[in-house]
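Below is one structure, written out as structure tokens; the observations come after it.
Just so you know, residue 1 is the first one in the sequence shown, and it goes up from there.
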Amino acid sequence: MNKNRAIVYILMSAFCFALMNAFVRLSGDIPSIQKSFFRNLVAFFFAVILLWRAREPVHLQKRNVPFFLIRSLMGTLGILCNFYAVDHLLLSDASMLNKLSPFFSILFSFFCLREKVKPFQVAGIVAAFCGALLIVKPGFSIAAFPALIGMLGGLTAGAAYTAVRYLGQHGERGPVIVLVFSGFSCLVTLPVLLFDYTPMTAMQLLILLLAGLAAAGGQFSITAAYSNAPAREISVYDYTQVVFSAALGFVLFGQVPDGWSVIGYVIICGASVAMFFYNRRQDLRKIRGK
């Protein structure tokens with residue numbers, strides 16, 4: 001029952017994040033930094049409310065401060081790159097490039113946390129990168145720039161999630177991590193907002209606040225999902241965000257991905273599914289070995 005509940009939660013999370021991207025696109029011609037500020041402002045207040053209800057003090061362990069900084073800086077860059085990609089690419093393309101983050105997390109975990117990377121995982125990373133090339137369609141044309149930015153967003157998000165993994169392993173609570181990241185992101189983008197603010201209509205402001213609410217819904221849902229089941233059993237369902245994004249992109253913007261992008265989706269999702277079953281088999285072997 002817990003696993004079934006976790007699957008429902010992660011599907012809800014995927015839909016919320018797809019909805020967030022759709023709201024970001026609907027908000028119109030506003031700088032990505034401005035969109036990021038309002039998205040993180042909502043998340044910041046949600047984290048404050050959670051910590052206030054828990055009646056627990058906010059305390060950072062001194063040894064973890066560098067990883068809080070890495071998480072916050074890389075997470076901010078990841079959001080900015082993702083929002084830029086959402087504004088300039090198909091929603092499904094932007095979502096899939098952002099979903100490269102788990103593969104980048106494996107690389108960062110190897111180099112930064114000294115976690116072992118097995119040959120099968122290396123093959124998965126190579127396959128995912130090849131799939132990304134089909135979406136990016138690199139060339140010397142300026143048209144490839146937004147896709148490269150989207151790919152950079154996946155890379156920085158992977159670095160951020162690696163830092164989150166470290167912080168979680170060293171006793172830091174989820175709401176505190178969200179609070180520090182959201183507050184850092186708001187502080188970093190605030191000066192740009194003050195000196196180069198783009199006027200918004202009431203509707204644009206409402207849409208950005210809805211994007212923040214959708215992001216908060218995604219965060220809470222994915223936290224609930226991983227509280228009910230381990231990542232190795234449910235993470236593959238997170239790729240439904242690409243399906244939701246494709247559907248929203250078609251309904252709201254008339255977007256239809258080209259054949260090369262679809263092949264790229266299949267390769268990246270296939271690599272993720274293969275990794276999912278590989279991890280399950282490794283877990284079963286460990287259990288039988290005991």
Side-chain angles (χ1 to χ4, degrees), residues 16-51 58 60 65-89 91 94-95 97-98 101 104 145-164 167 172 174-220 222:
C16 284
F17 283 126
L19 198 60
M20 177 198 73
N21 285 342
F23 281 134
V24 167
R25 180 85 179 217
L26 280 171
S27 65
D29 191 17
I30 302 171
S32 298
I33 288 181
Q34 194 163 318
K35 293 180 180 182
S36 172
F37 175 83
F38 286 99
R39 179 255 191 243
N40 286 309
L41 188 64
V42 175
F44 176 82
F45 282 111
F46 263 92
V48 168
I49 292 170
L50 276 178
L51 291 168
V58 177
L60 309 183
V65 170
F67 282 87
F68 270 108
L69 182 60
I70 293 171
R71 190 275 178 269
S72 300
L73 181 60
M74 292 296 104
T76 300
L77 289 174
I79 288 178
L80 292 174
C81 290
N82 180 48
F83 283 7
Y84 182 88
V86 165
D87 282 337
H88 295 83
L89 297 173
L91 283 182
S95 294
L97 291 172
N98 192 254
S101 56
F104 286 120
F145 182 73
L148 292 172
I149 292 296
M151 198 168 176
L152 178 62
L155 186 150
T156 50
Y161 295 148
T162 303
V164 169
L167 292 169
E172 299 294 352
V176 173
I177 297 172
V178 173
L179 179 75
V180 173
F181 159 59
S182 301
F184 175 91
S185 185
C186 287
L187 287 175
V188 166
T189 54
L190 183 59
V192 180
L193 221 66
L194 293 176
F195 288 102
D196 190 25
Y197 178 77
T198 299
M200 298 186 296
T201 65
M203 181 57 71
Q204 286 177 313
L205 177 60
L206 175 61
I207 290 173
L208 284 182
L209 292 177
L210 289 174
L213 287 173
Q219 289 286 352
F220 285 122
I222 205 164

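Closest heavy-atom contact between Ala157 and Ser101: CB-CB, 3.8 Å. In terms of heavy atoms, Thr198 sits closest to Gln34 at O-NE2, 2.8 Å. Counting all heavy atoms, side chain and backbone alike, Phe104 lies closest to Met151 at CE1-O, 4.1 Å. Heavy-atom minimum distance, Ala43 versus Ser182: CB-OG, 3.5 Å. The two residues Asp87 and Ser32 have their closest heavy-atom pair at OD2-OG, 4.2 Å. Closest of all the heavy-atom pairs between Ala160 and Gly75 is CB-N, 3.7 Å.
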> Given the rule in the side-chain contact (heavy atoms from CB on, under 4.5 Å) test, do Thr162 and Ile70 qualify, once you have shown the distances and angles that lead to the verdict?
Replying inline: CA-CA 9 Å; Thr162 303; Ile70 293 171; over 6 Å; no

>> One pair to check against side-chain contact (heavy atoms from CB on, under 4.5 Å): Glu172 and Phe67. What are the steps and the verdict?
In response: CA-CA 11 Å; Glu172 299 294 352; Phe67 282 87; over 6 Å; no

> When you look at Asn21 and Phe17, which way does the side-chain contact (heavy atoms from CB on, under 4.5 Å) test go after all the steps?
Replying inline: CA-CA 6 Å; Asn21 285 342; Phe17 283 126; 5.7 Å; no

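For the pair Leu69/Phe184, a side-chain contact is recorded, criterion being any heavy-atom separation below 4.5 Å from C-beta on. Within the 4.5 Å cutoff, no side-chain heavy atoms of Pro31 are placed close to those of Asp196. Side-chain contact between Leu80 and Thr76: present, with at least one pair of heavy atoms (C-beta onward) separated by less than 4.5 Å. Between Ile207 and Met203 the shortest side-chain heavy-atom distance falls below 4.5 Å. With a 4.5 Å cut-off on side-chain heavy atoms, Leu213 and Phe46 count as touching. Residues Phe181 and Ile79 meet the side-chain proximity criterion, which asks for heavy atoms closer than 4.5 Å. A heavy-atom distance below 4.5 Å is found between the side chains of Leu194 and Leu190. Using a 4.5 Å heavy-atom threshold, the side chains of Leu208 and Phe23 count as separate.
Under the side-chain contact (heavy atoms from CB on, under 4.5 Å) rule, Cys81 has a single partner from Asn98, Ile149, Leu148, which is Ile149.
In this structure, the side chain of Asn40 engages the main chain of Ser36 through a donor-acceptor pair within 3.5 Å. Checking side-chain atoms of Arg25 against main-chain N and O of Val86 turns up a donor-acceptor pair under 3.5 Å. A donor-acceptor distance shorter than 3.5 angstrom exists from the side chain of Thr156 to the backbone of Gly153, with no hydrogens or angles considered.
Counting non-hydrogen atoms of other residues, nucleotides and ligands closer than 6.0 Å to OH of Tyr197 gives a total above 12.
A distance of 10.5 Å separates CG in Leu179 from CZ in Phe45, rounded to the nearest 0.5 Å. Note: Ile30 CD1 to Met200 CE = 5.5 Å, rounded to the nearest 0.5 Å. Taken from CG in Leu210 to CE in Met20, the straight-line distance is 13.0 Å, to the nearest 0.5 Å. Residue Leu73 holds its CG atom at 15.0 Å from CZ of Phe68, rounded to the nearest 0.5 Å. Separation of atoms CG (Leu155) and CG (Leu97) is listed at 12.0 Å; rounding is to 0.5 Å. Here the straight-line distance linking atom CZ of Phe38 with atom CG of Leu193 works out to 6.0 Å at 0.5 Å rounding.
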